[in-house]
2 protein chains.
Amino acid sequence: MTAQQTRAWKIGQLAAETGLTVRALHHYDHLGVLRPSARTSTGYRLYSESDVERLYRVMALRQLGLPLDAIGAVLDGQTSIGELLDAHREHLDRQLVAMRTLRAQLATVAAAGRTGDAASVTDFLELIRKVITVDDTIKQYFNDEQLAQLAERRATLGEAAIAEVEAAWPTLIARVQAAVDAGVDASSTQAQQLAAEWMGLLEQFHGGDEDLHGSLYRMYAENTERIEAQHGGPPPALIEFIKAATTARN
Amino acid sequence: MTAQQTRAWKIGQLAAETGLTVRALHHYDHLGVLRPSARTSTGYRLYSESDVERLYRVMALRQLGLPLDAIGAVLDGQTSIGELLDAHREHLDRQLVAMRTLRAQLATVAAAGRTGDAASVTDFLELIRKVITVDDTIKQYFNDEQLAQLAERRATLGEAAIAEVEAAWPTLIARVQAAVDAGVDASSTQAQQLAAEWMGLLEQFHGGDEDLHGSLYRMYAENTERIEAQHGGPPPALIEFIKAATTARN
DNA sequence: CTTGACTCTGACGTAACGTCAGGCTTTATG
DNA sequence: CATAAAGCCTGACGTTACGTCAGAGTCAAG
(Lines give C-alpha, C1' and ligand atoms only; values in the text may rest on other atoms or scores of the structure.)
Protein backbone atom coordinates (compact mmCIF):
# COMPACT_ATOMS: atom_id res chain seq x y z
CA MET A 1 0.00 0.00 0.00
CA THR A 2 1.08 3.50 -0.56
CA ALA A 3 1.39 4.40 3.07
CA GLN A 4 1.46 8.07 3.93
CA GLN A 5 4.28 9.06 1.73
CA THR A 6 4.27 12.56 2.99
CA ARG A 7 2.29 13.78 5.94
CA ALA A 8 -0.92 15.73 5.69
CA TRP A 9 -2.73 17.70 8.36
CA LYS A 10 -6.37 18.53 8.71
CA ILE A 11 -6.90 22.10 9.76
CA GLY A 12 -7.59 21.29 13.39
CA GLN A 13 -4.51 19.13 13.68
CA LEU A 14 -2.29 21.79 12.22
CA ALA A 15 -3.82 24.35 14.51
CA ALA A 16 -3.20 22.14 17.51
CA GLU A 17 0.39 21.48 16.54
CA THR A 18 1.26 25.07 15.85
CA GLY A 19 -0.76 27.01 18.36
CA LEU A 20 -2.55 28.95 15.67
CA THR A 21 -6.34 28.97 15.60
CA VAL A 22 -8.46 27.32 12.96
CA ARG A 23 -9.92 30.68 12.20
CA ALA A 24 -6.52 32.17 11.49
CA LEU A 25 -5.80 29.41 8.99
CA HIS A 26 -9.18 30.01 7.38
CA HIS A 27 -8.25 33.64 7.20
CA TYR A 28 -4.93 32.95 5.53
CA ASP A 29 -6.65 30.73 3.04
CA HIS A 30 -9.21 33.40 2.34
CA LEU A 31 -6.57 36.05 1.72
CA GLY A 32 -4.59 33.65 -0.37
CA VAL A 33 -1.44 33.73 1.71
CA LEU A 34 -1.68 30.04 2.52
CA ARG A 35 -3.87 27.86 0.37
CA PRO A 36 -3.69 24.20 1.43
CA SER A 37 -2.42 22.23 -1.52
CA ALA A 38 -5.22 19.69 -1.28
CA ARG A 39 -8.75 19.08 -0.18
CA THR A 40 -10.57 15.88 0.59
CA SER A 41 -13.45 14.93 -1.67
CA THR A 42 -15.73 16.46 0.93
CA GLY A 43 -13.95 19.74 1.01
CA TYR A 44 -11.75 19.38 4.11
CA ARG A 45 -8.50 21.28 3.85
CA LEU A 46 -5.36 19.14 3.76
CA TYR A 47 -2.05 20.80 4.52
CA SER A 48 1.09 19.19 3.16
CA GLU A 49 4.67 19.45 4.36
CA SER A 50 5.44 22.20 1.93
CA ASP A 51 2.35 24.00 3.15
CA VAL A 52 3.84 23.87 6.62
CA GLU A 53 7.03 25.37 5.35
CA ARG A 54 5.07 28.09 3.64
CA LEU A 55 3.20 28.66 6.87
CA TYR A 56 6.47 29.36 8.61
CA ARG A 57 7.32 31.84 5.91
CA VAL A 58 4.03 33.54 6.50
CA MET A 59 4.65 33.72 10.23
CA ALA A 60 8.14 35.07 9.71
CA LEU A 61 7.02 37.79 7.35
CA ARG A 62 4.12 38.62 9.58
CA GLN A 63 6.52 39.04 12.48
CA LEU A 64 8.60 41.22 10.22
CA GLY A 65 5.64 43.55 10.18
CA LEU A 66 4.26 42.95 6.71
CA PRO A 67 0.51 43.10 6.28
CA LEU A 68 -0.94 39.78 5.18
CA ASP A 69 -1.84 40.81 1.67
CA ALA A 70 1.71 41.97 1.07
CA ILE A 71 2.92 38.63 2.36
CA GLY A 72 1.01 36.90 -0.37
CA ALA A 73 2.84 38.90 -2.97
CA VAL A 74 6.27 38.41 -1.42
CA LEU A 75 5.80 34.66 -1.16
CA ASP A 76 4.74 34.33 -4.74
CA GLY A 77 7.85 36.08 -5.77
CA GLN A 78 10.67 33.81 -4.74
CA THR A 79 12.99 34.19 -1.84
CA SER A 80 15.17 31.44 -0.46
CA ILE A 81 14.36 30.06 2.94
CA GLY A 82 17.89 30.83 4.11
CA GLU A 83 17.52 34.51 3.39
CA LEU A 84 14.22 34.56 5.17
CA LEU A 85 15.62 32.83 8.23
CA ASP A 86 18.40 35.38 8.38
CA ALA A 87 16.09 38.33 7.92
CA HIS A 88 13.82 36.97 10.60
CA ARG A 89 16.68 36.59 13.01
CA GLU A 90 17.97 40.06 12.29
CA HIS A 91 14.60 41.51 12.97
CA LEU A 92 14.41 39.64 16.25
CA ASP A 93 17.78 41.07 17.15
CA ARG A 94 16.51 44.55 16.58
CA GLN A 95 13.53 43.88 18.76
CA LEU A 96 15.70 42.38 21.44
CA VAL A 97 17.89 45.46 21.48
CA ALA A 98 14.87 47.74 21.80
CA MET A 99 13.39 45.65 24.56
CA ARG A 100 16.61 45.35 26.49
CA THR A 101 17.03 49.09 26.30
CA LEU A 102 13.60 49.58 27.75
CA ARG A 103 14.26 46.93 30.33
CA ALA A 104 17.44 48.61 31.46
CA GLN A 105 15.72 51.95 31.80
CA LEU A 106 12.95 50.30 33.72
CA ALA A 107 15.40 48.69 36.09
CA THR A 108 17.18 51.96 36.66
CA VAL A 109 14.06 53.92 37.42
CA ALA A 110 12.72 51.20 39.69
CA ALA A 111 16.02 50.94 41.51
CA ALA A 112 16.13 54.68 42.01
CA GLY A 113 12.63 54.54 43.38
CA ARG A 114 13.63 51.96 45.95
CA THR A 115 16.56 54.00 47.15
CA GLY A 116 14.42 57.00 47.85
CA ASP A 117 14.32 59.41 44.99
CA ALA A 118 11.13 59.26 43.05
CA ALA A 119 10.93 59.06 39.30
CA SER A 120 10.77 62.39 37.51
CA VAL A 121 8.79 63.47 34.48
CA THR A 122 11.91 63.10 32.44
CA ASP A 123 12.11 59.48 33.47
CA PHE A 124 8.57 58.88 32.43
CA LEU A 125 9.00 60.62 29.10
CA GLU A 126 12.02 58.48 28.49
CA LEU A 127 10.15 55.33 29.40
CA ILE A 128 7.24 56.21 27.16
CA ARG A 129 9.57 56.90 24.27
CA LYS A 130 11.21 53.54 24.72
CA VAL A 131 7.93 51.71 24.92
CA ILE A 132 6.98 53.34 21.64
CA THR A 133 10.31 52.41 20.14
CA VAL A 134 9.69 48.80 21.02
CA ASP A 135 6.27 49.02 19.42
CA ASP A 136 7.62 50.57 16.27
CA THR A 137 10.38 48.03 16.06
CA ILE A 138 7.85 45.26 16.28
CA LYS A 139 5.57 46.74 13.69
CA GLN A 140 8.17 48.10 11.36
CA TYR A 141 6.38 48.42 8.12
CA PHE A 142 8.73 47.93 5.27
CA ASN A 143 9.31 50.37 2.52
CA ASP A 144 9.91 49.15 -1.00
CA GLU A 145 13.61 49.52 -0.56
CA GLN A 146 13.71 47.01 2.22
CA LEU A 147 11.38 44.66 0.46
CA ALA A 148 13.81 44.75 -2.42
CA GLN A 149 16.64 43.99 -0.05
CA LEU A 150 14.79 40.93 1.08
CA ALA A 151 15.18 39.61 -2.40
CA GLU A 152 18.82 40.60 -2.64
CA ARG A 153 21.48 39.48 -0.29
CA ARG A 154 22.07 41.32 2.92
CA ALA A 155 23.82 41.29 6.27
CA THR A 156 27.39 40.23 6.13
CA LEU A 157 27.65 37.47 8.65
CA GLY A 158 30.13 39.61 10.48
CA GLU A 159 27.55 42.26 11.03
CA ALA A 160 25.22 39.74 12.54
CA ALA A 161 27.84 38.43 14.91
CA ILE A 162 28.79 41.88 16.02
CA ALA A 163 25.20 42.86 16.51
CA GLU A 164 24.79 39.84 18.69
CA VAL A 165 27.65 40.58 20.97
CA GLU A 166 26.64 44.19 21.06
CA ALA A 167 23.15 43.12 21.96
CA ALA A 168 24.56 41.28 24.94
CA TRP A 169 25.69 44.51 26.55
CA PRO A 170 22.37 45.78 27.82
CA THR A 171 21.75 42.50 29.58
CA LEU A 172 25.09 42.56 31.27
CA ILE A 173 24.69 46.20 32.18
CA ALA A 174 21.38 45.47 33.78
CA ARG A 175 22.86 42.69 35.86
CA VAL A 176 25.76 44.79 37.00
CA GLN A 177 23.30 47.53 37.85
CA ALA A 178 21.37 45.05 39.94
CA ALA A 179 24.51 44.04 41.76
CA VAL A 180 25.45 47.64 42.45
CA ASP A 181 21.97 48.38 43.71
CA ALA A 182 22.09 45.36 45.93
CA GLY A 183 25.27 46.72 47.41
CA VAL A 184 27.35 43.75 46.31
CA ASP A 185 30.95 44.10 47.37
CA ALA A 186 33.42 44.61 44.56
CA SER A 187 35.71 41.97 46.00
CA SER A 188 33.01 39.33 46.21
CA THR A 189 33.00 36.39 43.86
CA GLN A 190 29.78 37.55 42.33
CA ALA A 191 31.43 40.82 41.41
CA GLN A 192 34.37 38.90 40.01
CA GLN A 193 32.06 36.92 37.79
CA LEU A 194 30.42 40.01 36.48
CA ALA A 195 33.74 41.63 35.81
CA ALA A 196 34.80 38.50 33.97
CA GLU A 197 31.81 38.63 31.72
CA TRP A 198 32.32 42.31 31.11
CA MET A 199 35.89 41.81 30.08
CA GLY A 200 34.78 38.81 28.11
CA LEU A 201 32.48 40.85 26.01
CA LEU A 202 35.17 43.43 25.44
CA GLU A 203 37.54 40.74 24.33
CA GLN A 204 35.01 39.28 21.99
CA PHE A 205 35.57 42.29 19.83
CA HIS A 206 39.26 41.77 19.67
CA GLY A 207 38.88 39.18 16.97
CA GLY A 208 35.99 40.80 15.21
CA ASP A 209 35.41 44.10 13.60
CA GLU A 210 37.93 46.87 13.97
CA ASP A 211 35.69 49.83 14.03
CA LEU A 212 33.26 48.61 16.56
CA HIS A 213 35.96 47.15 18.65
CA GLY A 214 37.57 50.52 18.78
CA SER A 215 34.47 52.29 19.86
CA LEU A 216 33.53 49.75 22.46
CA TYR A 217 36.99 49.57 23.87
CA ARG A 218 37.05 53.30 24.15
CA MET A 219 33.70 53.00 25.75
CA TYR A 220 35.49 51.29 28.55
CA ALA A 221 38.53 53.50 28.49
CA GLU A 222 36.97 56.89 28.06
CA ASN A 223 34.10 55.74 30.18
CA THR A 224 30.53 56.80 30.36
CA GLU A 225 29.09 58.86 27.54
CA ARG A 226 29.17 56.56 24.57
CA ILE A 227 27.77 53.64 26.43
CA GLU A 228 25.04 55.77 27.84
CA ALA A 229 24.13 57.19 24.49
CA GLN A 230 24.29 53.92 22.65
CA HIS A 231 22.50 51.71 25.08
CA GLY A 232 20.42 54.07 27.12
CA GLY A 233 21.63 52.10 30.07
CA PRO A 234 23.09 53.27 33.30
CA PRO A 235 26.77 54.04 33.23
CA PRO A 236 29.74 55.43 35.19
CA ALA A 237 28.90 53.87 38.50
CA LEU A 238 28.95 50.49 36.83
CA ILE A 239 32.25 51.03 35.17
CA GLU A 240 33.67 52.07 38.51
CA PHE A 241 32.27 48.90 39.97
CA ILE A 242 33.85 46.74 37.30
CA LYS A 243 37.15 48.53 37.67
CA ALA A 244 37.05 47.98 41.40
CA ALA A 245 36.22 44.34 40.95
CA THR A 246 38.98 43.90 38.43
CA THR A 247 41.64 45.51 40.59
CA ALA A 248 40.38 43.80 43.72
CA ARG A 249 41.24 40.52 42.13
CA ASN A 250 44.91 41.28 41.87
CA MET B 1 5.73 86.62 37.32
CA THR B 2 4.61 83.14 38.06
CA ALA B 3 6.88 81.40 35.65
CA GLN B 4 5.87 77.94 34.55
CA GLN B 5 5.61 76.34 37.90
CA THR B 6 4.96 72.97 36.44
CA ARG B 7 5.21 72.12 32.79
CA ALA B 8 2.28 71.67 30.50
CA TRP B 9 2.18 70.15 27.05
CA LYS B 10 -0.16 70.77 24.19
CA ILE B 11 -1.19 67.57 22.51
CA GLY B 12 1.18 67.95 19.58
CA GLN B 13 4.12 68.66 21.80
CA LEU B 14 3.47 65.63 23.93
CA ALA B 15 3.08 63.53 20.83
CA ALA B 16 6.38 64.78 19.48
CA GLU B 17 8.19 64.13 22.72
CA THR B 18 6.83 60.66 23.22
CA GLY B 19 6.54 59.28 19.74
CA LEU B 20 2.83 58.69 20.13
CA THR B 21 0.43 60.16 17.60
CA VAL B 22 -2.01 62.93 18.31
CA ARG B 23 -4.77 60.60 17.29
CA ALA B 24 -3.73 58.03 19.87
CA LEU B 25 -3.89 60.66 22.60
CA HIS B 26 -7.30 61.71 21.36
CA HIS B 27 -8.30 58.10 21.51
CA TYR B 28 -7.10 57.70 25.08
CA ASP B 29 -9.00 60.79 26.06
CA HIS B 30 -12.09 59.49 24.38
CA LEU B 31 -11.91 56.17 26.19
CA GLY B 32 -11.16 57.92 29.43
CA VAL B 33 -7.82 56.26 30.07
CA LEU B 34 -5.98 59.55 29.93
CA ARG B 35 -7.93 62.75 30.32
CA PRO B 36 -5.67 65.80 30.28
CA SER B 37 -6.09 67.59 33.58
CA ALA B 38 -6.68 70.95 31.93
CA ARG B 39 -7.87 72.70 28.83
CA THR B 40 -7.21 76.20 27.58
CA SER B 41 -10.18 78.56 27.40
CA THR B 42 -10.42 77.67 23.72
CA GLY B 43 -10.55 73.97 24.33
CA TYR B 44 -6.94 72.90 23.67
CA ARG B 45 -5.84 69.94 25.77
CA LEU B 46 -3.12 70.64 28.32
CA TYR B 47 -1.20 67.72 29.76
CA SER B 48 0.45 68.17 33.14
CA GLU B 49 3.38 66.32 34.64
CA SER B 50 1.13 63.94 36.47
CA ASP B 51 -0.66 63.33 33.20
CA VAL B 52 2.66 62.28 31.75
CA GLU B 53 3.18 59.85 34.59
CA ARG B 54 -0.26 58.46 34.04
CA LEU B 55 0.55 58.15 30.36
CA TYR B 56 3.47 55.95 31.23
CA ARG B 57 1.19 53.80 33.32
CA VAL B 58 -1.12 53.49 30.38
CA MET B 59 1.72 52.44 28.11
CA ALA B 60 3.00 49.94 30.63
CA LEU B 61 -0.36 48.31 31.12
CA ARG B 62 -0.98 48.34 27.42
CA GLN B 63 2.30 46.53 26.90
CA LEU B 64 1.21 44.11 29.58
CA GLY B 65 -1.57 43.18 27.23
CA LEU B 66 -4.53 44.83 28.89
CA PRO B 67 -7.22 46.25 26.62
CA LEU B 68 -7.55 50.00 26.95
CA ASP B 69 -10.89 50.02 28.67
CA ALA B 70 -9.56 47.67 31.33
CA ILE B 71 -6.63 50.01 31.78
CA GLY B 72 -8.98 52.78 32.71
CA ALA B 73 -10.39 50.68 35.50
CA VAL B 74 -7.03 49.53 36.79
CA LEU B 75 -5.66 53.04 36.88
CA ASP B 76 -8.60 54.38 38.78
CA GLY B 77 -8.09 51.74 41.35
CA GLN B 78 -4.75 52.50 42.91
CA THR B 79 -1.48 50.74 42.33
CA SER B 80 1.89 52.13 43.27
CA ILE B 81 4.22 53.12 40.52
CA GLY B 82 6.89 50.84 41.96
CA GLU B 83 4.72 47.80 41.60
CA LEU B 84 3.88 48.74 38.09
CA LEU B 85 7.51 49.24 37.14
CA ASP B 86 8.31 45.81 38.51
CA ALA B 87 5.41 44.14 36.78
CA HIS B 88 6.36 45.82 33.54
CA ARG B 89 9.91 44.61 33.82
CA GLU B 90 8.85 41.10 34.64
CA HIS B 91 6.65 41.00 31.63
CA LEU B 92 9.50 42.23 29.46
CA ASP B 93 11.63 39.44 30.88
CA ARG B 94 9.06 36.90 29.84
CA GLN B 95 8.97 38.33 26.36
CA LEU B 96 12.73 38.36 26.18
CA VAL B 97 12.88 34.70 27.12
CA ALA B 98 10.33 33.79 24.46
CA MET B 99 12.13 35.80 21.83
CA ARG B 100 15.54 34.48 22.69
CA THR B 101 14.20 30.98 22.48
CA LEU B 102 12.87 31.64 19.02
CA ARG B 103 16.08 33.34 18.07
CA ALA B 104 18.15 30.39 19.16
CA GLN B 105 16.00 28.00 17.17
CA LEU B 106 16.26 30.27 14.19
CA ALA B 107 20.01 30.37 14.44
CA THR B 108 20.20 26.61 14.68
CA VAL B 109 18.02 25.96 11.68
CA ALA B 110 19.80 28.58 9.61
CA ALA B 111 23.18 27.22 10.59
CA ALA B 112 22.13 23.71 9.70
CA GLY B 113 20.95 25.00 6.36
CA ARG B 114 24.32 26.51 5.63
CA THR B 115 26.17 23.32 6.42
CA GLY B 116 24.13 21.34 3.97
CA ASP B 117 21.18 19.64 5.55
CA ALA B 118 17.94 21.37 4.80
CA ALA B 119 15.36 22.23 7.38
CA SER B 120 12.72 19.59 7.99
CA VAL B 121 9.01 19.90 8.62
CA THR B 122 9.69 19.33 12.26
CA ASP B 123 11.95 22.36 12.28
CA PHE B 124 9.28 24.47 10.70
CA LEU B 125 6.61 23.27 13.07
CA GLU B 126 8.89 24.11 15.94
CA LEU B 127 9.60 27.55 14.54
CA ILE B 128 5.93 28.27 14.02
CA ARG B 129 5.13 27.20 17.57
CA LYS B 130 7.77 29.53 18.90
CA VAL B 131 6.60 32.45 16.84
CA ILE B 132 3.14 31.89 18.28
CA THR B 133 4.56 31.64 21.76
CA VAL B 134 6.19 35.01 21.32
CA ASP B 135 2.91 36.44 20.11
CA ASP B 136 1.00 35.03 23.02
CA THR B 137 3.57 36.26 25.47
CA ILE B 138 3.25 39.72 24.06
CA LYS B 139 -0.51 39.72 24.12
CA GLN B 140 -1.01 37.85 27.34
CA TYR B 141 -4.43 38.82 28.35
CA PHE B 142 -4.71 38.82 32.08
CA ASN B 143 -7.16 36.84 34.07
CA ASP B 144 -8.68 38.28 37.20
CA GLU B 145 -6.21 36.42 39.33
CA GLN B 146 -3.28 38.19 37.81
CA LEU B 147 -5.00 41.54 37.89
CA ALA B 148 -5.47 40.94 41.59
CA GLN B 149 -1.81 40.12 41.93
CA LEU B 150 -0.98 43.43 40.39
CA ALA B 151 -2.57 45.02 43.38
CA GLU B 152 -0.89 42.69 45.86
CA ARG B 153 2.79 42.27 46.18
CA ARG B 154 4.60 39.84 43.96
CA ALA B 155 7.92 38.63 42.74
CA THR B 156 10.42 38.13 45.44
CA LEU B 157 13.40 40.09 44.29
CA GLY B 158 15.27 36.83 44.25
CA GLU B 159 12.97 35.41 41.66
CA ALA B 160 13.59 38.35 39.42
CA ALA B 161 17.32 38.03 39.70
CA ILE B 162 17.23 34.35 38.96
CA ALA B 163 14.97 34.87 36.02
CA GLU B 164 17.43 37.36 34.70
CA VAL B 165 20.40 35.10 34.87
CA GLU B 166 18.35 32.29 33.50
CA ALA B 167 17.30 34.53 30.66
CA ALA B 168 20.94 35.08 29.82
CA TRP B 169 21.37 31.44 28.86
CA PRO B 170 19.72 31.46 25.48
CA THR B 171 21.90 34.35 24.39
CA LEU B 172 25.03 32.62 25.46
CA ILE B 173 23.92 29.38 23.89
CA ALA B 174 23.32 31.14 20.63
CA ARG B 175 26.76 32.66 20.68
CA VAL B 176 28.43 29.38 21.45
CA GLN B 177 26.42 27.82 18.68
CA ALA B 178 27.70 30.48 16.33
CA ALA B 179 31.25 29.76 17.37
CA VAL B 180 30.81 26.04 16.86
CA ASP B 181 29.29 26.64 13.46
CA ALA B 182 32.13 28.90 12.52
CA GLY B 183 34.49 26.11 13.42
CA VAL B 184 36.20 28.07 16.14
CA ASP B 185 38.94 26.08 17.78
CA ALA B 186 38.30 25.05 21.36
CA SER B 187 41.73 26.19 22.39
CA SER B 188 41.35 29.65 20.88
CA THR B 189 40.95 32.68 23.09
CA GLN B 190 37.49 33.26 21.76
CA ALA B 191 36.50 29.82 22.94
CA GLN B 192 38.11 30.53 26.28
CA GLN B 193 36.02 33.63 26.64
CA LEU B 194 32.85 31.78 25.88
CA ALA B 195 33.74 29.07 28.33
CA ALA B 196 34.40 31.72 30.92
CA GLU B 197 31.02 33.26 30.44
CA TRP B 198 29.39 29.86 30.55
CA MET B 199 31.04 29.00 33.82
CA GLY B 200 30.28 32.48 35.01
CA LEU B 201 26.60 31.98 34.55
CA LEU B 202 26.77 28.65 36.31
CA GLU B 203 28.55 30.24 39.20
CA GLN B 204 26.02 33.03 39.42
CA PHE B 205 23.63 30.50 40.81
CA HIS B 206 25.93 29.49 43.55
CA GLY B 207 24.90 32.41 45.64
CA GLY B 208 21.31 32.47 44.61
CA ASP B 209 18.48 30.03 44.73
CA GLU B 210 19.13 26.47 45.75
CA ASP B 211 16.62 24.70 43.62
CA LEU B 212 17.38 26.33 40.36
CA HIS B 213 21.04 26.14 40.98
CA GLY B 214 20.68 22.45 41.39
CA SER B 215 18.84 21.97 38.19
CA LEU B 216 21.08 24.16 36.14
CA TYR B 217 24.20 22.66 37.54
CA ARG B 218 22.91 19.25 36.73
CA MET B 219 22.08 20.61 33.36
CA TYR B 220 25.79 20.90 32.89
CA ALA B 221 26.68 17.70 34.66
CA GLU B 222 24.08 15.38 33.26
CA ASN B 223 24.29 17.22 29.99
CA THR B 224 21.84 17.74 27.24
CA GLU B 225 18.19 17.00 27.91
CA ARG B 226 17.19 19.54 30.47
CA ILE B 227 18.81 22.40 28.71
CA GLU B 228 17.22 21.38 25.49
CA ALA B 229 13.81 21.04 27.03
CA GLN B 230 13.98 24.21 29.03
CA HIS B 231 15.49 26.53 26.53
CA GLY B 232 14.67 24.95 23.22
CA GLY B 233 18.23 25.68 22.34
CA PRO B 234 20.83 23.50 20.74
CA PRO B 235 22.68 21.28 23.12
CA PRO B 236 25.24 18.49 23.50
CA ALA B 237 27.65 19.69 20.89
CA LEU B 238 27.91 22.99 22.69
CA ILE B 239 28.55 21.40 26.03
CA GLU B 240 31.26 19.31 24.45
CA PHE B 241 32.72 22.47 23.04
CA ILE B 242 32.71 24.20 26.39
CA LYS B 243 34.21 21.18 28.07
CA ALA B 244 36.94 21.06 25.47
CA ALA B 245 37.63 24.75 25.88
CA THR B 246 37.74 24.43 29.63
CA THR B 247 40.14 21.51 29.63
CA ALA B 248 42.24 23.04 26.88
CA ARG B 249 42.98 25.86 29.20
CA ASN B 250 44.71 23.71 31.76
C1' DC C 1 -27.46 4.48 13.25
C1' DT C 2 -26.95 7.94 16.40
C1' DT C 3 -24.09 11.11 18.78
C1' DG C 4 -20.32 14.12 19.60
C1' DA C 5 -16.40 16.16 17.61
C1' DC C 6 -14.76 18.33 13.53
C1' DT C 7 -15.14 20.97 9.28
C1' DC C 8 -17.32 24.03 5.82
C1' DT C 9 -18.88 28.67 4.24
C1' DG C 10 -20.71 33.07 5.09
C1' DA C 11 -21.30 37.12 7.85
C1' DC C 12 -21.08 40.34 11.48
C1' DG C 13 -18.25 42.03 15.62
C1' DT C 14 -13.99 44.18 17.70
C1' DA C 15 -9.76 46.75 19.27
C1' DA C 16 -6.83 50.46 18.51
C1' DC C 17 -6.11 53.51 16.14
C1' DG C 18 -5.53 55.83 10.78
C1' DT C 19 -7.47 59.02 7.87
C1' DC C 20 -10.24 62.53 6.08
C1' DA C 21 -13.69 66.51 6.68
C1' DG C 22 -15.17 70.97 8.21
C1' DG C 23 -14.23 74.56 11.23
C1' DC C 24 -11.95 77.41 14.98
C1' DT C 25 -7.00 79.23 17.06
C1' DT C 26 -2.44 80.46 17.33
C1' DT C 27 1.78 81.68 15.36
C1' DA C 28 4.74 83.24 11.86
C1' DT C 29 5.53 86.65 8.23
C1' DG C 30 5.54 90.45 4.83
C1' DC D 1 -1.86 94.26 11.34
C1' DA D 2 -3.64 91.41 7.92
C1' DT D 3 -3.23 86.92 6.30
C1' DA D 4 -1.35 82.68 5.65
C1' DA D 5 0.39 78.50 7.52
C1' DA D 6 0.35 75.41 11.23
C1' DG D 7 -1.88 73.35 15.07
C1' DC D 8 -6.05 71.88 17.51
C1' DC D 9 -11.04 70.62 17.88
C1' DT D 10 -14.94 67.29 17.15
C1' DG D 11 -17.21 63.87 14.53
C1' DA D 12 -17.29 59.95 11.55
C1' DC D 13 -15.97 56.35 8.56
C1' DG D 14 -12.02 53.03 7.18
C1' DT D 15 -8.65 49.22 8.29
C1' DT D 16 -6.21 45.00 9.90
C1' DA D 17 -6.32 40.42 11.65
C1' DC D 18 -8.68 37.85 13.25
C1' DG D 19 -12.93 36.41 17.13
C1' DT D 20 -17.37 34.78 17.34
C1' DC D 21 -21.68 32.94 16.14
C1' DA D 22 -24.92 30.56 12.68
C1' DG D 23 -26.57 26.93 9.87
C1' DA D 24 -25.27 22.72 7.66
C1' DG D 25 -22.56 18.75 6.11
C1' DT D 26 -18.92 14.91 7.69
C1' DC D 27 -16.40 11.50 10.35
C1' DA D 28 -15.25 8.16 14.22
C1' DA D 29 -16.94 5.54 17.90
C1' DG D 30 -20.15 2.76 20.31
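Chain letters run A, B, ... following the sequence lines, proteins first and then strands; every chain starts at 1.
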- Query: Taking only residues two or more places apart in sequence or in another chain, which ones pass side chain to side chain donor-acceptor pair (under 3.5 Å) with B:Gln13?
  - Reply: none
- Item | A:Thr133 side chain reached by A:Leu102 side chain, heavy atoms, under 4.5 Å | no
- Listed nucleotide nearest any side-chain atom of B:Tyr28, set D:dC9, C:dC17, D:dC18: C:dC17
- Message: Tell me if the side-chain of B:Tyr44 makes a donor-acceptor pair with the base of D:dC9, cut-off 3.5 Å, by modelled atom types.
- Response: no
- Message: Once side chain to side chain donor-acceptor pair (under 3.5 Å) is applied, do any residues pair with B:Thr21, and if so which ones, sequence neighbours excluded?
- Response: none
- Item | Residues in contact with DNA chain D, drawn from residues 33-43 of chain B - heavy-atom cutoff 4.0 Å | B:Arg39, B:Gly43
- Hey, are B:Asp51 and B:Arg45 close enough for a salt bridge, meaning a charged N less than 4.0 Å from a carboxylate O? no
- Quick one: which residue pairs count as a salt bridge (Lys or Arg N to Asp or Glu O under 4.0 Å) with a foot in residues 8-25 of chain B, not counting sequence neighbours? B:Arg7-B:Glu17
- Item | ring pair (Phe, Tyr, Trp, His ring centres under 6.0 Å) partners for A:Tyr56, two or more places apart | A:His88, B:Phe124
Produce the list of close N/O pairs, under 3.5 Å, pairing protein atoms with atoms of nucleotides 10-13 of chain C; give distances to one decimal.
none

- Message: Taking side-chain contact (heavy atoms from CB on, under 4.5 Å) as the criterion, tell me which of A:Leu20, A:Leu46, A:Leu55 meets it with A:Leu14.
- Response: A:Leu55
- Message: Can you work out whether B:Asp69 or A:Asp29 has the more 5'-proximal nearest nucleotide on DNA chain C?
- Response: A:Asp29
- Message: Using heavy-atom distances to pick each residue's nearest nucleotide on DNA chain C, tell me which of B:Lys10 and B:Leu31 is more 5'.
- Response: B:Leu31
